[in-house]
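Here is the structure we will look at.
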Amino acid sequence: MSSDLLLKLENVTCAYSKGRPIFSGVDLTVKEGDVIAIVGKSGGGKPTEYGIPNYRTKVLYVPQRPSLLPSTPRAFIRQICGYGSRKKSEEGYDNERAAIELGESWSLSSEVWERPWSSLSGGEAQRAFLAVACTLKGTEILLLDEPTSALDASTAHTVETHLAALPESSDSSIKAILWITHSEEQTKKANRLIKVAGGIEEQQMPQDA
């Protein structure tokens with residue numbers, strides 16, 4: 001694993017309102033090659049904690065329910081790739097084609113890209129959004145919030161295996177992943193484990209039996 005620093009948080013505090021802290025005193029470093037599983041009780045502030053650094057290009061947040069997006073997945077790709085910060089992608093690289101081809105490898109029908117997000121099933125929406133997130137050039141850190149919760153076990157395994165391999169792939173610009181999860185099986189794909197409970201505590205990775 002590389003030691004190159006990508007993100008550093010120091011003494012970060014966030015609250016719902018005065019006197020209602022979500023977390024406080026958070027320190028965290030994220031380095032190249034990190035796949036960090038973030039666990040904690042529901043409502044504990046996990047997405048909030050790691051959604052704070054809103055770097056529009058380098059850090060990409062993948063929500064659990066992308067179906068609230070307007071328009072279609074294809075229009076979504078074109079909109080993102082139209083931003084100035086995304087136009088600096090590798091010459092000749094086709095983000096749209098790359099996302100659709102990745103989706104197909106996850107058994108996502110090509111017609112899904114033409115349908116409104118609101119008409120997609122939870123599994124279709126998750127796979128489409130993840131395919132876009134995984135193939136966008138320029139993204140260095142993925143913030144994943146229960147990214148495969150709507151997928152069947154077989155498809156989830158395929159998608160999760162692809163996600164966990166991204167930081168080490170020479171074909172991807174993604175260098176690290178923060179993976180919010182309640183699944184013990186998903187934590188096994190990480191190389192760091194963090195528990196959120198009013199702050200953060202880095203824990204020893206469980207050893208395989």
Side-chain angles (χ1 to χ4, degrees), residues 1-66 68-69 80 83-86 88 126 129-130 132-134 136-149 159-160 162-169 172-207:
M1 183 170 62
S2 169
S3 61
D4 291 341
L5 183 66
L6 295 174
L7 179 66
K8 186 175 183 179
L9 305 181
E10 291 185 328
N11 197 29
V12 176
T13 298
C14 186
Y16 292 113
S17 60
K18 187 175 181 180
R20 296 181 62 204
I22 302 172
F23 54 81
S24 60
V26 169
D27 296 317
L28 177 72
T29 59
V30 180
K31 298 178 181 179
E32 287 191 23
D34 280 347
V35 179
I36 304 174
I38 302 167
V39 300
K41 66 180 182 179
S42 297
K46 299 185 296 298
T48 307
E49 186 154 346
Y50 299 101
I52 290 172
N54 185 23
Y55 307 119
R56 294 180 180 272
T57 301
K58 294 186 179 297
V59 180
L60 182 62
Y61 174 59
V62 179
Q64 185 175 355
R65 300 180 181 87
L68 298 178
L69 293 167
I80 290 180
Y83 296 148
S85 58
R86 293 287 181 188
K88 298 177 181 179
Q126 282 191 331
F129 201 105
L130 283 168
V132 175
C134 290
L136 276 176
K137 291 296 184 181
T139 300
E140 294 187 356
I141 301 175
L142 282 185
L143 308 181
L144 306 177
D145 184 4
E146 299 281 357
T148 59
S149 59
V159 173
E160 290 165 6
H162 180 89
L163 290 170
L166 286 173
E168 301 297 336
S169 172
S172 173
S173 64
I174 294 166
K175 300 177 181 179
I177 294 176
L178 301 180
W179 193 325
I180 298 165
T181 181
H182 291 98
S183 167
E184 183 178 347
E185 192 63 32
Q186 289 178 4
T187 64
K188 295 177 182 178
K189 294 181 170 63
N191 51 38
R192 292 174 62 188
L193 178 62
I194 288 176
K195 183 177 180 180
V196 178
I200 67 170
E201 177 187 353
E202 185 147 6
Q203 302 186 334
Q204 195 79 15
M205 289 298 298
Q207 300 296 314

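Here the structure is a predicted model, which means the values were calculated and not measured.
Atom-to-atom distance recorded for E202:CD and I194:CD1 is 5.0 Å, nearest 0.5 angstrom. Note that the NZ atom of K58 and the NZ atom of K175 stand 6.5 Å from one another [nearest 0.5 Å]. Taking CD1 from I141 and CD1 from I36, the interatomic distance works out to 8.5 Å, rounded to the nearest 0.5 Å. To the nearest 0.5 angstrom, D4 atom CG is 11.0 Å from D34 atom CG. In this structure, the separation between CG on L178 and CG on L28 is 7.0 Å, given to the nearest 0.5 Å.
When all heavy atoms of F129 and Y61 are compared, the pair lying nearest together is CE2-O, 3.9 Å. Pairing each heavy atom of G33 with each of P167, the nearest pair is CA-CB, 4.0 Å. Between I174 and I177 the shortest heavy-atom distance is CG2-CG1, 4.2 Å. Considering every non-hydrogen atom in both D27 and E10, the closest pair reads OD1-CA, 3.1 Å.
A salt bridge does not link E201 with K195: none of the charged nitrogens is closer than 4.0 Å to a carboxylate oxygen.
Legend: residues meeting side-chain contact (heavy atoms from CB on, under 4.5 Å) with P147, ordered by chain and number and at least two apart, are L130, L144, L163, W179. Take Q64 and apply the side-chain contact (heavy atoms from CB on, under 4.5 Å) test, not counting sequence neighbours, and it matches Q126, D145, E146, S149.
Remark: the T148 side chain and the Q186 side chain contain an N/O donor-acceptor pair separated by less than 3.5 Å.
Under a 3.5 Å cut-off, the side chain of S173 and the backbone N or O of G138 do form a donor-acceptor pair. Under a 3.5 Å cut-off, the side chain of N191 and the backbone N or O of V35 do form a donor-acceptor pair. Between the T29 side chain and the K8 main chain, no donor and acceptor come within less than 3.5 Å of each other.
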